[in-house]
A.B. asks: 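Below is one structure. I have some questions about it.
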Amino acid sequence: MDNELLNYTLRIADNSLILGQRMSEWCSKGPTLEEDIALSNISLDLFGQANGFYSYASQLDGNKSPDDLAFLRNEREFFNQQIVELENIDFGNTIVRNFLYDSYNFLFYSSLKNSKDDTLSALASKSLKEVKYHLRHSKNWLIRLGDGTEFSKQKVQQSLEDIWQYTHDMFSMDEIDNKMYKLNIGINNSHLKDEWDKIIDETLLEAKLVRPKDGYKAEGGKNGMHTEHLGFLLAEMQFLQRAYPNAKW
Amino acid sequence: MQSGKINEIWKLLDSVPDPEIPIISVVELGVVRNISFTNNVYQILITPTYSGCPAVKTFIDDIKSCLKTNKIFNFDIKIIYAPAWTTDWMSVETKEKLRKYGISPPSNKVVCPQCTSSNTVLVSEFGATACKSFHKCSECLEPFEHFKCI
C-alpha cells in the first residue's frame, strides 16, 4: 500500500512542479508587467504545493529528501501528466493549456480534500484556495483572447486544437488510481469529467471558441511516458544539482 | 508556571515582524497556531500563508533567532497544513494597522486605504507578494495594494 500511496503522491507533486517550472519560464518574459508578475506568482504557488506533496512523499519513501525527488529523478521516473510539460510556445498557448489544466486541477483538489488520508486532505484544501484564482486567471484571459481580435481568436483556437489530445489522460484510471480510490485515499478521475465538460463548454461559449473534436488521445504521463519536451525541462531544472551534487544556496 | 511561560513565548513571537509587511507580527498574521509544552520542549505549530510564500522560511528563521536571543533553546517548530490559513484569523486591530500602513485590508469589499472610497477597480489579481492584489482608486486615483481574502 505504501508504495502505491508514494506513487500517487508523486503524481500530484510532479504535476505541480513541472507546471510551476513552465510558469517560471515566463518570469521577465511576460507580455505586460502585470502578467509577468501573475505568471511568476502562479509558478510560486505551484512550487509551494509541490513542496508540500514532496515532503509527504519523502516521509513515505523514508530515504529520499524532497530535493532528491525533484532534482535527482530521471524523465521516466516522473509521473506528471503530459499536458503540464508541453512547451509554452506563446502567451495564448500557455493560457489555453493552463485553463484546461486548471479546470481539472480545481475539480481534482475539490474532491481530494475529502481524502481519508489526513495529509493529502490538508494539502488539497490548502492548494484548492490557490488553484481557484489560477483558474479565474486563465479563464478570464481565454475569454478575452477568444472574444478579442481575429488574430488572437485564431491563435487560441489553434492552441485548443493542438493541446486537446493531452486532456484525456486527466480522467483515466489505472491500477494505482483504482486502489487508492477503493481505499478512499484517492479520487475517481473519471467522475470529474462531467463537471470539467461543463466548465469548458460554458467558457468556450463565452469566449466564442469551438470545442475541438476528440481524436488521438495522448496517454501515459502518470506511468513515466513523456513527450520530448520533459527531458529538456529537466535538463535545465536539474542542472545545478547534477553538475554540483549537494550544492546549497 | 508553564502556562505563564507559554504566554511569555506568545509575547516574544508577537515581537517578530512579518518579513514582507513588518507593520504586523507573525502572531497577528495568524501563522503561529499553537504553543504547548511537553517533555520539557516548547512545541510551536506554524502554518504557511500561501504554499509558496518565500517569507515562510524567513519568519521561521526569525522566530528561531528571537527565541535563542531570549535564551530559550528547548523548542521545536512544526509546520502544519490543516486548517488552511485564512485571512479570517486577522483581528480588526490588525486590519486597521494594515490600512494605516497603506494596504487595503482583507475584506470582500475592497476599500481604498487612502481615501476610504469603495469606488475602486482591480488592476491585477497578482501583486508584489503572493498575498496581495493590485487596485486603483477611482475617486482619488491612487494605486494601492489589497491584502487578498482567502
Side-chain angles (χ1 to χ4, degrees), chain A residues 12-13 16-17 19-21 23-24 26-27 30-56 59 66 109 113-115 117-141 249, chain B residues 19-21 29-31 33-34 45-61 76-90 103 106-108 110 120-136 143-150:
Chain A
I12 307 169
S16 298
L17 178 69
L19 187 60
Q21 178 69 15
M23 290 309 102
S24 76
W26 277 109
C27 187
T32 64
L33 183 58
E34 286 79 6
E35 263 319 291
D36 202 294
I37 292 169
L39 294 167
S40 306
N41 260 297
I42 290 171
S43 171
L44 207 54
D45 285 342
L46 291 166
F47 284 152
Q49 293 165 15
N51 188 43
F53 287 101
Y54 282 131
S55 300
Y56 186 41
Q59 269 178 41
Y109 284 131
K113 76 175 166 44
N114 302 316
S115 168
D117 182 289
D118 289 343
T119 309
L120 289 185
S121 159
L123 290 169
S125 304
K126 176 99 195 143
S127 305
L128 180 61
K129 287 192 176 208
E130 296 159 0
V131 169
K132 272 184 191 166
Y133 60 73
H134 297 174
L135 174 58
R136 211 153 53 220
H137 171 261
S138 55
K139 184 180 163 174
N140 287 340
W141 264 114
W249 290 111
Chain B
E20 279 167 348
I21 310 171
L29 186 64
V31 297
R33 297 316 302 153
N34 194 38
L45 299 185
I46 303 275
T47 197
T49 48
Y50 282 74
S51 300
C53 182
V56 174
K57 193 182 175 307
T58 311
F59 68 60
I60 288 175
D61 289 345
D76 189 34
I77 295 177
K78 205 178 147 210
I79 295 181
I80 55 161
Y81 289 97
W85 178 80
T86 164
T87 41
D88 294 348
W89 293 339
M90 268 186 211
I103 298 170
S107 156
N108 289 324
V110 178
T120 66
V121 286
L122 173 72
V123 176
S124 172
E125 256 197 272
F126 300 85
T129 62
C131 56
K132 287 176 286 181
S133 50
F134 195 50
H135 302 250
K136 197 180 125 179
F144 66 91
E145 288 188 305
H146 169 67
F147 205 109
K148 286 193 269 191
C149 225
I150 70 163

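Order of the sequence lines sets the chain letters (A, B, ...), proteins ahead of strands, with each chain counted from 1.
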A.B. asks: Checking A:E130 against chain B: side chain, backbone, both or neither under 4.5 Å from a heavy atom?
C.D. replies: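 The answer is the side chain of A:E130.
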
A.B. asks: For the pair B:F126 and A:Y133, name the ring-plane relationship: parallel under 30°, tilted 30 to 60°, perpendicular over 60°.
C.D. replies: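 Ring orientation of B:F126 relative to A:Y133: perpendicular.
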
A.B. asks: Report the option among B:P83, B:G127, B:A82 that has the most heavy-atom pairs separated by less than 4.5 Å from atoms of chain A.
C.D. replies: B:G127

A.B. asks: Tell me, for A:K126 versus chain B, whether the close heavy atoms (under 4.5 Å) come from the side chain, the backbone, both or neither.
C.D. replies: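 Both backbone and side chain.
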
A.B. asks: I'd like to verify something: which residue of A:D45, A:N41, A:L39 has the highest number of heavy-atom pairs under 4.5 Å with chain B?
C.D. replies: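 Looking at each of A:D45, A:N41, A:L39 in turn, A:N41 comes out on top.
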
A.B. asks: Taking all non-hydrogen atoms of both residues, which atom of B:G30 and which atom of B:R33 are closest, and how far apart?
C.D. replies: O-NH1, 2.9 Å

A.B. asks: Taking A:F53 as the fixed residue, which of A:L120, A:T119, A:L17 is the one that meets the side chain to side chain contact (heavy atoms under 4.5 Å, CB included) rule?
C.D. replies: A:L120

A.B. asks: Would a 4.5 Å heavy-atom cut-off, applied to side chains only, mark A:F47 and A:M23 as touching?
C.D. replies: no

A.B. asks: To check you understand the geometry: which heavy-atom pair defines the closest contact between A:Y109 and A:I12, and what is its length?
C.D. replies: OH-CG2, 3.6 Å

A.B. asks: Where is the tightest heavy-atom contact between A:A50 and A:A13, given as atom of each residue plus distance?
C.D. replies: CB-O, 3.7 Å

A.B. asks: With B:T129, which residues qualify under side chain to side chain contact (heavy atoms under 4.5 Å, CB included), at least two apart?
C.D. replies: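 Here the qualifying residues are B:E20, B:C131, B:K132.
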
A.B. asks: Does anything in residues 45-52 of chain B get under 4.5 Å of chain A by heavy atoms, and if so which residues?
C.D. replies: B:P48, B:T49, B:Y50, B:S51, B:G52

